[in-house]
2 protein chains.
Amino acid sequence: MSKTQKQQHLDKAEQILAGALPEFLQHGYARTSMDRIASAAGVSKQTLYTHFGDKDGLFNAILKQMAREKFQLVCSKPLEGEPEQVLRDLAQRLLKEVNDPDHLAFVRLIVAESVNHPESPKLFLIHVVQPALKILTEYLEQHQKLKDCEAIARIFVGALIHHIITQEILHGKEIIPIEEERIVDNLIKLIVH
Amino acid sequence: MSKTQKQQHLDKAEQILAGALPEFLQHGYARTSMDRIASAAGVSKQTLYTHFGDKDGLFNAILKQMAREKFQLVCSKPLEGEPEQVLRDLAQRLLKEVNDPDHLAFVRLIVAESVNHPESPKLFLIHVVQPALKILTEYLEQHQKLKDCEAIARIFVGALIHHIITQEILHGKEIIPIEEERIVDNLIKLIVH
DNA sequence: GTCTATATGGCGATAGAC
DNA sequence: GTCTATCGCCATATAGAC
């Protein structure tokens with residue numbers, strides 16, 4: 001295969017992924033048809049199959065792309081400063097990044113497909129959750145040396161993520177609303193004091 | 001309609017619901033066919049349509065049944081005793097009840113269908129989550145009068161539910177495992193002290 | 001490799017007898 | 001109301017020309 005052909009091949013594959021990603025995010029796996037993806041990507045249906053084998057192959061490629069590129073949480077650099085301010089900044093960033101239409105759709109998708117595509121949540125945990133837990137745990141260990149910082153980091157991240165899932169994905173805003181600030185404030189108070 | 005006919009009607013409807021429930025739980029909405037439900041319930045496909053109109057009607061009936069009867073969380077009687085023991089008991093009960101194959105499948109289902117069937121998560125919040133939050137909030141208000149007990153209750157329940165979702169539904173056991181006891185112990189310490 | 005056209009099967013929903 | 005048999009559609013996947 002010449003360099004030019006390979007380049008064209010990659011371009012086509014990326015063109016397909018770019019077209020398929022919003023379709024899977026918006027409609028989920030079962031409700032997204034290969035016809036629809038072909039149309040959205042601007043290629044013929046057969047081209048999808050030559051590049052990705054079948055629908056599952058295309059979906060798995062999409063999941064890897066999402067976990068590795070699109071939905072990286074927070075930053076990877078270590079946290080610095082006073083605990084109260086550091087935790088507040090981290091909470092704000094995390095809430096802002098997760099409370100985004102595409103990210104919420106991503107979470108819905110990996111939960112919905114956690115049985116039939118078990119690799120998808122694993123990619124999510126490895127590339128998105130684990131790094132966030134790691135930098136928070138390492139920071140806490142420098143400031144709360146006698147406590148179980150790994151468990152506390154889980155509680156911190158878990159309470160925030162659950163808040164978003166409940167309010168946004170489960171439509172909790174309409175049933176059991178609560179101000180985000182109260183969750184953040186009390187969570188920080190519990191941990192710092 | 002005579003009493004006998006009505007009784008037969010109800011029996012048939014319940015027979016259908018009983019057959020359809022495990023199918024929807026195990027395979028989700030899109031992957032469950034009306035043929036499969038008819039077979040599982042031991043009735044003809046036409047009978048499904050006579051009683052519930054269409055697939056959506058049957059699914060909504062299933063959701064109501066699950067939220068109202070099958071997945072009631074914890075108990076509704078007020079909590080009593082010392083905070084540390086009360087919180088520990090509540091955590092254990094909540095974890096045990098949520099970490100059940102059917103309950104996990106129920107959570108997966110309402111998240112997966114939260115867009116196309118937005119009533120399903122609302123039923124879940126009203127019948128399952130809200131009562132649990134209520135009794136915990138009322139208990140905390142008797143023992144921690146100066147604190148924002150509603151927010152703390154959300155943090156408590158949220159951290160536990162998120163732990164189960166991450167470990168069980170997202171297969172976190174294999175990627176980022178942690179002992180449940182550490183989550184419970186540290187959560188209680190944060191709140192009580 | 002990429003296209004147009006097609007094969008094949010399963011789906012939700014219905015018709016008509018009883 | 002309940003059954004058997006069937007319709008019409010859309011899904012995934014493939015065939016064959018270029």
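In the text below, chain A, chain B and the rest are named by the order of the sequence lines, each starting its count at 1. Because only heavy atoms are used, hydrogens play no part in the values below, and waters and symmetry mates are left out as well, while side chains stay in. Computed from a prediction, not measured in an experiment: that's the story for all the values here.
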OP1 or OP2 of dC3(D) under 4.0 Å from side-chain N/O of Thr47(B):
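Thr47(B) to dC3(D) OP1/OP2: side-chain N or O found under 4.0 Å.
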
Any carboxylate oxygen within less than 4.0 angstrom of a Lys/Arg side-chain nitrogen, looking at Lys189(B) and Asp148(A)?
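Salt bridge flag = no for Asp148(A) with Lys189(B).
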
Using whole Å, report how far [atom1] of [X] lies from [atom2] of [N].
X        : N       : atom1 : atom2 : result
Met34(B) : dA5(D)  : CE    : P     : 20 Å
Asp35(A) : dC3(C)  : CG    : C1'   : 14 Å
Lys45(A) : dA5(C)  : NZ    : C1'   : 10 Å
Gln15(A) : dG1(C)  : CD    : C1'   : 13 Å
Phe52(A) : dT12(D) : CZ    : P     : 16 Å
Asp11(B) : dG1(D)  : CG    : C1'   : 14 Å
Leu48(B) : dT4(D)  : CG    : P     : 13 Å

Check the pair Arg182(A) / Glu150(B) against salt bridge (Lys or Arg N to Asp or Glu O under 4.0 Å), numbers first and verdict last.
CA-CA 9 Å; Arg182(A) 287 169 63 190; Glu150(B) 191 182 351; 3.3 Å; yes

Within residues 19-29 of chain B, which residues have any heavy atom lying less than 4.0 Å from an atom of DNA chain C?
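Residues of residues 19-29 of chain B under 4.0 Å from DNA chain C: none.
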
Are a donor atom and an acceptor atom from the side chains of Asp56(B) and His117(B) found within less than 3.5 Å of each other?
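Side chains of Asp56(B) and His117(B): pair found under 3.5 Å.
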
Between Tyr49(A) and Ser44(B), just flag the one whose closest nucleotide in DNA chain D comes earlier from the 5' side.
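Result of the comparison: Ser44(B).
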
Please work out whether the ring planes of Tyr29(B) and Phe59(B) are parallel, tilted or perpendicular, with thresholds of 30° and 60°.
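The arrangement is perpendicular - the two ring planes meet at more than 60°.
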
Give the ring-plane orientation class for Phe71(B) versus Phe106(B), where under 30° counts as parallel, over 60° as perpendicular and anything between as tilted.
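The rings of Phe71(B) and Phe106(B) lie parallel, inter-plane angle below 30°.
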
Residues in side-chain hydrogen bond (donor to acceptor under 3.5 Å, both in side chains) with Arg68(B), at least two apart?
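So Arg68(B) forms no side-chain hydrogen bond (donor to acceptor under 3.5 Å, both in side chains) with any residue.
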
Residues touching DNA chain D, which here means a heavy atom under 4.0 Å, drawn from residues 53-63 of chain A
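Contacts with DNA chain D under 4.0 Å: Asp54(A), Lys55(A).
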
Option passing side chain to side chain contact (heavy atoms under 4.5 Å, CB included) with Phe52(B) (candidates Asn60(B), Leu17(B), Ile37(B), Ile62(B))
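Result for side chain to side chain contact (heavy atoms under 4.5 Å, CB included) with Phe52(B): Leu17(B).
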
Looking at Lys55(B), Arg36(B), Arg31(B), which hits salt bridge (charged side-chain N to carboxylate O under 4.0 Å, His left out) with Glu23(B)?
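That would be Arg36(B); it is the only one of Lys55(B), Arg36(B), Arg31(B) passing the salt bridge (charged side-chain N to carboxylate O under 4.0 Å, His left out) with Glu23(B).
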
Heavy-atom donor-acceptor pair, Gln46(B) side-chain to dA15(C) base, under 3.5 Å:
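In this structure, the two groups form a donor-acceptor pair.
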
I'd like to know whether NZ of Lys64(A) has more than 12 heavy-atom contacts from other residues, nucleotides or ligands below 6.0 angstrom.
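Not more than 12 within 6.0 Å, no.
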
